[in-house]
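Below: one structure, written as structure tokens.
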Amino acid sequence: MNANSFSILGYLSVLLWLAVPVLWFLRRRFILPGWLALALALLSSVLATINSRTHVSRIQAEVIETSADALMQEAAKRKAVEDARSGEVADIRFAEDGAGDFIDKAGMDDADRKYLESLDESKDPAWKNQKKSRGGAGEESADLDDMIAGEEPTKSLSTDAIPEEKATSVPIIMSEPHVATAQRLNTINLNLSFYSILLGIIIFVLDYLARANSYSRASFPLPLPASWRNAFTPLPVIVARPEKPRRNLTEELAHLARRGDAFICFTKDATALPETLPTLGNSSRPIDILRVDSERISDTFVFESLWYRRSCFVVDSPQRIQTLFAGILKQLELRHIARARTRRNVHIVWNLDQPPSEKDLALFKHFARSTGFSLFLIQ
């Protein structure tokens, strides 16, 4: 392989697409952003394309010129023919004869004449080149023709309007085996850079799904099926928001709505929360947030609406929170016995000063893991 087969950009593209599978093997050992592999793959493809169009396309095969030995052999053959015929001609030379016209071509046969003309067909005698200028007859006839036609002598054409040819790129000369190797390696580089993009997309998607159920690492929520996210990272049964939260309460609820999940919020004041929240990709049909402020909304209706994600709820009455949370635990027990699981994750957002009792937490952990529920503690 010739080192000049690739430019510096070509070799850099090779290093970049080699880094993509390395990131694939290191994704479980180190916390790396998923977009990094995709960005390296895209940059590798761009550099490989530039290298192919600006460098590899200029590589040309070396043209072998006629060697000096071949020219000497041709001159020796010509000299041998002249020596063989020199004794058959007279010593008389005319002024019109060229350097090789002392040979009497009239006495040659057709084979000798053709061979001699092929050796020196590009060299005409000097008298042939001067024949047209002898006597100046050609110029007078040209002037006479111009006068008869009634036109002035043709002026020289201006070359200002003729566009100059653009300077072509300097070719890169190599031997034919090296040219074939460079073109083959260029094709391999382009193909592997394209495959690295596919691998980068896979790494990006897997990394996104692995981060989706993590409060500190999740980003840009998408309404994907809960089974996809839970397959990579199980949904935590109890999530405690850190002291320095990433979002306020309204933003937390909006984040859950954009994930495609359902929630019920137990809070001290429900007036600060909106009545609807937009869902990603379907902003014209936002999800409703219903206020549970009386016994007219039954516990069964609330649980069924959460299970099938028909709507979300917010409760700010302490007495209603206790009865509703107890009713949810009873429904979770029934679904646990029936081995039922919701298609969308359901979050119980606990925005109260006091957390649930130890007994309720133990029951919730037992039933929620298999049914797809989670408790989000905000204190």
Side-chain angles (χ1 to χ4, degrees), residues 1-67 159-212 214 216-224 228-229 231-233 246 258 280-281:
M1 173 183 172
N2 194 325
N4 204 21
S5 299
F6 280 1
S7 64
I8 185 64
L9 298 180
Y11 289 110
L12 184 59
S13 68
V14 174
L15 295 178
L16 290 177
W17 62 252
L18 282 175
V20 176
V22 173
L23 293 179
W24 168 267
F25 291 108
L26 297 180
R27 72 186 192 280
R28 297 184 182 275
R29 298 183 180 181
F30 302 96
I31 300 177
L32 300 173
W35 54 263
L36 179 60
L38 182 58
L40 293 180
L42 291 174
L43 183 58
S44 172
S45 179
V46 172
L47 295 181
T49 303
I50 295 176
N51 173 72
S52 176
R53 294 180 179 180
T54 62
H55 186 85
V56 180
S57 61
R58 295 191 291 118
I59 298 178
Q60 298 179 6
E62 182 181 5
V63 179
I64 302 177
E65 299 179 355
T66 306
S67 61
T159 60
D160 296 339
I162 302 177
E164 297 181 357
E165 296 183 357
K166 296 182 179 180
T168 57
S169 56
V170 180
I172 302 173
I173 307 301
M174 294 184 184
S175 62
E176 292 187 359
H178 287 166
V179 172
T181 302
Q183 293 177 351
R184 183 169 61 254
L185 293 178
N186 179 56
T187 303
I188 295 174
N189 188 33
L190 291 174
N191 292 336
L192 291 180
S193 63
F194 173 75
Y195 294 142
S196 67
I197 295 178
L198 300 181
L199 181 59
I201 294 175
I202 294 175
I203 295 176
F204 177 77
V205 173
L206 295 181
D207 180 75
Y208 175 82
L209 294 175
R211 295 168 179 261
S214 175
S216 60
R217 300 172 58 195
S219 60
F220 197 76
L222 294 174
L224 300 176
W228 294 9
R229 298 190 295 264
F232 291 88
T233 303
R246 301 178 60 183
R258 290 191 177 95
L280 184 64

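- Of all heavy-atom pairs spanning Ile59 and Ala182, the tightest one is CD1-CB, 3.8 Å.
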CA sep, side-chain torsions, deciding dist, call: Leu36, Phe204, side chain to side chain contact (heavy atoms under 4.5 Å, CB included): CA-CA 8 Å; Leu36 179 60; Phe204 177 77; over 6 Å; no
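- Remark: the backbone N or O of Ala210 is not paired with any side-chain donor or acceptor of Arg229 at under 3.5 angstrom.
- From Asn186, atom CG reaches atom OG1 of Thr49 across 9.0 Å, with rounding to the nearest 0.5 Å.
- Atoms CD1 and CG, from Ile201 and Leu206 in turn, are 12.0 Å apart once rounded to the nearest 0.5 Å.
- Going from atom CZ of Arg217 over to atom CZ of Arg246 covers 11.0 Å, rounded to the nearest 0.5 Å.
- Checked against side chain to side chain contact (heavy atoms under 4.5 Å, CB included), Ala61 has the following partners two or more places apart in sequence or in another chain: Glu176, Val179.
- Across all non-hydrogen atoms, the minimal contact from Ser5 to His55 is O-CD2, 3.4 Å.
- Among residues at least two apart or in separate chains, there is no side chain to side chain donor-acceptor pair (under 3.5 Å) pair with a member in residues 30-45.
- In this structure, Ile172 and Gln60 have side chains that are not in contact, with every pair of non-hydrogen atoms separated by 4.5 Å or more.
- Side-chain contact between Leu23 and Leu40 is present, with at least one heavy-atom pair separated by less than 4.5 Å.
- By the side chain to side chain donor-acceptor pair (under 3.5 Å) test, Ser57 pairs with no residue at all, sequence neighbours left out.
- Distance check, rounded to the nearest 0.5 Å: CG of Leu42 to CG of Leu16 gives 11.0 Å.
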From CA spacing to verdict: side chain to side chain contact (heavy atoms under 4.5 Å, CB included), Thr187, Asn191: CA-CA 6 Å; Thr187 303; Asn191 292 336; 3.7 Å; yes
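- Heavy-atom minimum distance, Tyr11 versus Phe6: CE1-O, 3.3 Å.
- Checked against side chain to side chain donor-acceptor pair (under 3.5 Å), Asn51 has the following partners two or more places apart in sequence or in another chain: Ser7.
- Minimum heavy-atom separation, Leu47 to Ser13: CB-CB, 3.7 Å.
- Listed by first then second residue, pairs satisfying side chain to side chain donor-acceptor pair (under 3.5 Å) with a partner in residues 194-211 read Asp207-Arg211, not counting sequence neighbours.
- Scanning all heavy atoms of the two residues, the minimum distance from Ser52 to Leu190 falls at OG-CD1, 4.0 Å.
- In this structure, the side chains of Trp17 and Leu199 stay at 4.5 Å or more apart for every pair of heavy atoms.
- Between Ile202 and Trp24, the shortest heavy-atom contact is CG2-CZ3, 4.0 Å.
- Going from atom OG of Ser193 over to atom CD1 of Ile188 covers 12.0 Å, rounded to the nearest 0.5 Å.
- Sorted by first then second residue, the salt bridge (charged side-chain N to carboxylate O under 4.0 Å, His left out) pairs that include residues 184-204, not counting sequence neighbours, number zero.
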